[in-house]
Trainee: 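Pasting a structure below so you can have a look.
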Amino acid sequence: MRNRWGILAILFVVRLTIAFQFQSVAAVAPLLQQTFGVGLADIGILIGLYFTPGIVLALPGGAIGRTLGDKPTTIAALLLMTAGSLVMATTEVWGWQMAGRLVSGAGGVLLTVQLTKMGTDWFTGKEIATAMAIFVNSWPAGVAISLLVLPAIGTAYGASAVFLTAGALTAIGIVLISLYQSPPGVTVSAAGPGRLDPLALLAVIVAGLIWGLFNVGFAMIFSFGPSLLAERGWSIAAAGSAISLVMWLSVISVPAGGYLADRFKRPLTLATAASLIVAALLAWLPRSDAVITILVLIGLIGGHPAGPIMSLAARVLAPETRAIGMGVFYTLFYAAMMLGPAVAGRLAKSAGTAAVALDLGALTVLACPPLMWLFERIVSVRNRRAQS
């Protein structure tokens with residue numbers, strides 16, 4: 001296949017499997033609590049474990065891909081994801097559930113790093129903004145599909161069937177990625193990554209924190225939202241369908257936010273305003289009966305900051321420092337996404353309600369605007385030093 005849009009479609013579906021597998025735990029959290037006799041704190045830990053390998057693998061992920069090649073690396077990652085799902089589907093021991101989740105997460109990290117590189121290979125200089133917006137949307141699409149499909153499967157056939165479904169989807173991803181070909185003229189550089197200057201490193205760390213904290217806030221919706229609604233008497237299937245509205249609408253709001261940011265040339269102003277609104281909506285959700293209205297608003301507004309935030313690191317990274325810089329960026333992201341659900345689960349257990357997880361999400365999103373201001377200050381100082 002040599003058509004770049006056909007390649008993008010393959011990458012979209014394959015990346016979608018990561019979101020689908022990640023959400024497989026939260027989508028049937030009440031079932032897992034019943035099956036294994038665990039609480040919300042344990043569910044939070046299991047959710048967060050998916051991102052734990054990212055702390056170790058994000059930095060060397062690009063080097064692994066350069067050594068093995070695009071297709072072998074992605075196939076190996078998908079095999080890890082499939083194996084993790086099979087372990088979770090076939091064991092009745094909670095410790096093995098955690099082990100399977102870690103294996104799946106390791107595959108998901110490698111796949112994330114490599115697919116991003118492959119998409120960039122095909123679209124550099126050719127509708128890169130549009131392509132990356134579509135590519136990023138595979139995450140909310142995967143989560144939304146899982147929220148619609150997995151609760152029904154879990155209710156009918158049990159939690160094991162949910163994990164088997166996730167494993168089957170990653171196996172399909174292996175078939176799809178076998179059709180992938182690298183673009184003509186792409187060469188792999190054997191040169192090592194460049195060295196980040198201190199201010200660039202600090203800026204990338206802040207950018208990674210912003211992306212991680214924003215995603216923690218967003219994750220609270222689909223990680224603990226179903227449990228919150230179940231506490232109010234909603235069925236698992238109805239709760240999953242309601243929460244999926246956020247993800248479906250994000251498919252629209254993510255590229256819309258990128259377009260608006262480019263159109264009006266004020267990306268951080270848009271990201272700040274949207275973050276403040278999302279934080280308020282997250283805090284309002286557990287305290288209101290207007291559940292559907294709030295979820296629709298979060299979906300329509302919550303995707304707007306994604307593009308501006310994802311573009312931050314690129315402002316301080318030269319081509320020779322991009323590999324190590326993005327490794328640092330993703331390391332912070334994965335650390336936040338590992339700790340966020342675990343802390344939320346502990347707090348929910350102490351409070352006796354999943355509502356506190358949404359409050360934590362509101363606080364993490366609220367932390368993003370001051371960090372955006374800090375990023376701008378660091379970049380301004382760095383630019384002045386470079387000019388002098």
Side-chain angles (χ1 to χ4, degrees), residues 11 13-29 31-32 35-36 38 42-58 60-61 64-65 68 72-116 138-139 141-143 145-147 149-151 153-154 158-177 215 219 222-223 330-331 333-342 345:
L11 299 181
V13 175
V14 174
R15 187 174 184 266
L16 180 150
T17 65
I18 306 172
F20 190 91
Q21 185 177 64
F22 167 73
Q23 187 61 20
S24 62
V25 170
V28 291
L31 281 178
L32 291 174
T35 302
F36 291 94
V38 297
D42 300 294
I43 294 297
I45 291 171
L46 193 64
I47 292 170
L49 278 177
Y50 196 80
F51 294 104
T52 304
I55 299 174
V56 177
L57 291 178
I64 292 171
L68 299 180
T73 302
T74 51
I75 291 175
L78 287 161
L79 286 172
L80 285 173
M81 293 169 67
T82 304
S85 287
L86 291 177
V87 170
M88 296 180 74
T90 55
T91 183
E92 297 180 357
V93 178
W94 186 250
W96 281 107
Q97 289 286 318
M98 297 172 72
R101 186 73 166 170
L102 281 170
V103 171
S104 298
V109 171
L110 290 176
L111 195 61
T112 296
V113 174
Q114 200 61 30
L115 290 180
T116 304
S138 59
W139 182 268
V143 171
I145 293 170
S146 72
L147 285 167
V149 173
L150 294 183
I153 293 174
S160 292
V162 168
F163 299 132
L164 284 175
T165 302
L169 189 61
T170 54
I172 291 171
I174 296 173
V175 176
L176 287 174
I177 210 66
N215 276 275
F222 52 82
S223 294
Y330 273 112
T331 298
F333 164 74
Y334 282 117
M337 289 299 287
M338 177 196 72
L339 294 173

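As a basis for the values below, the full set of heavy atoms in this structure was taken, side chains included, without hydrogen atoms, waters or symmetry mates.
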Trainee: Might you point out which heavy atoms bring Ile47 and Ala26 nearest each other, and give the distance in Å?
Mentor: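 Scanning both residues completely, I find the closest heavy atoms to be CD1-CB, 3.9 Å.
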Trainee: Could you tell me whether the side chain of Thr35 and the main chain of Leu32 form a donor-acceptor pair under 3.5 Å?
Mentor: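 Not confirmed, Thr35 side chain does not pair with Leu32 backbone.
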Trainee: Using residues 158-165 as the side-chain source, report each donor-acceptor pair under 3.5 Å to any protein atom, sequence neighbours left out, with the distance given to one decimal.
Mentor:
unit_1, atom_1, unit_2, atom_2, d
Ser160, OG, Ala89, O, 2.9
Thr165, OG1, Ala161, O, 2.8

Trainee: Between Phe20 and Leu150, is there a side-chain heavy-atom distance shorter than 4.5 Å?
Mentor: yes
Trainee: May I ask you to decide if Met81's main-chain N or O and Gln21's side chain share a donor-acceptor pair within less than 3.5 Å?
Mentor: yes
Trainee: At their closest point, which heavy atom of Ala77 faces which heavy atom of Leu110, and how far apart are they?
Mentor: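 That would be CB-CB, 3.9 Å.
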Trainee: Just one of Arg101, Met338, Met337 clears the side-chain contact (heavy atoms from CB on, under 4.5 Å) bar with Tyr50, so which one?
Mentor: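 Only one of Arg101, Met338, Met337 forms a side-chain contact (heavy atoms from CB on, under 4.5 Å) with Tyr50, namely Arg101.
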Trainee: If you round to the nearest 0.5 Å, how far is CG of Leu111 from OG1 of Thr17?
Mentor: 5.5 Å
Trainee: Once you round to the nearest 0.5 Å, how far does OG of Ser24 lie from CG of Leu46?
Mentor: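 Answer rounded to 0.5 Å: 8.5 Å.
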Trainee: Could you check whether any side-chain heavy atom of Val113 comes within less than 4.5 Å of a side-chain heavy atom of Leu57, counting everything from C-beta outward?
Mentor: no
Trainee: Under the side chain to side chain contact (heavy atoms under 4.5 Å, CB included) rule, collect the residues that match up with Leu79, sequence neighbours excluded.
Mentor: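 Leu79: side chain to side chain contact (heavy atoms under 4.5 Å, CB included) contacts with Ile75, Ile174.
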Trainee: Return the minimal non-hydrogen interatomic distance between Arg15 and Ser138, and the atom names on each side.
Mentor: NH1-OG, 2.9 Å
Trainee: According to the interplanar angle, ranging from 0 to 90°, do the rings of Phe51 and Tyr334 count as parallel (below 30°), tilted (30 to 60°) or perpendicular (above 60°)?
Mentor: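 Tilted, since the angle between the ring planes falls between 30° and 60°.
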Trainee: What are the two closest heavy atoms between Gly105 and Pro53, and how far apart are they?
Mentor: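 Closest heavy-atom pair between Gly105 and Pro53: C-CG, 3.8 Å.
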Trainee: Which of these, Thr74, Val14, Leu68, sits in a side-chain contact (heavy atoms from CB on, under 4.5 Å) with Gln114?
Mentor: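 The residue from Thr74, Val14, Leu68 that satisfies side-chain contact (heavy atoms from CB on, under 4.5 Å) with Gln114 turns out to be Thr74.
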Trainee: Suppose we screen for side chain to side chain contact (heavy atoms under 4.5 Å, CB included). Which residues come up paired with Thr91, at least two apart in sequence or across chains?
Mentor: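 With neighbours one apart ignored, the set is Val93, Trp96, Gln97.
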Trainee: Do Thr170 side-chain atoms and Gly167 backbone N/O form a donor-acceptor pair below 3.5 Å?
Mentor: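 Confirmed, Thr170 side chain pairs with Gly167 backbone.
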Trainee: Which heavy atom in Asp42 sits nearest to a heavy atom in Trp94, and how many Å separate them?
Mentor: O-CZ2, 3.6 Å
Trainee: To the nearest 0.5 Å, what is the distance between CG on Leu16 and OG on Ser146?
Mentor: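 Between Leu16 CG and Ser146 OG, I get 9.0 Å after rounding to 0.5 Å.
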Trainee: Considering non-hydrogen atoms only, spot the tightest contact between Pro341 and Gly48 and give its length.
Mentor: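 That would be CB-N, 4.0 Å.
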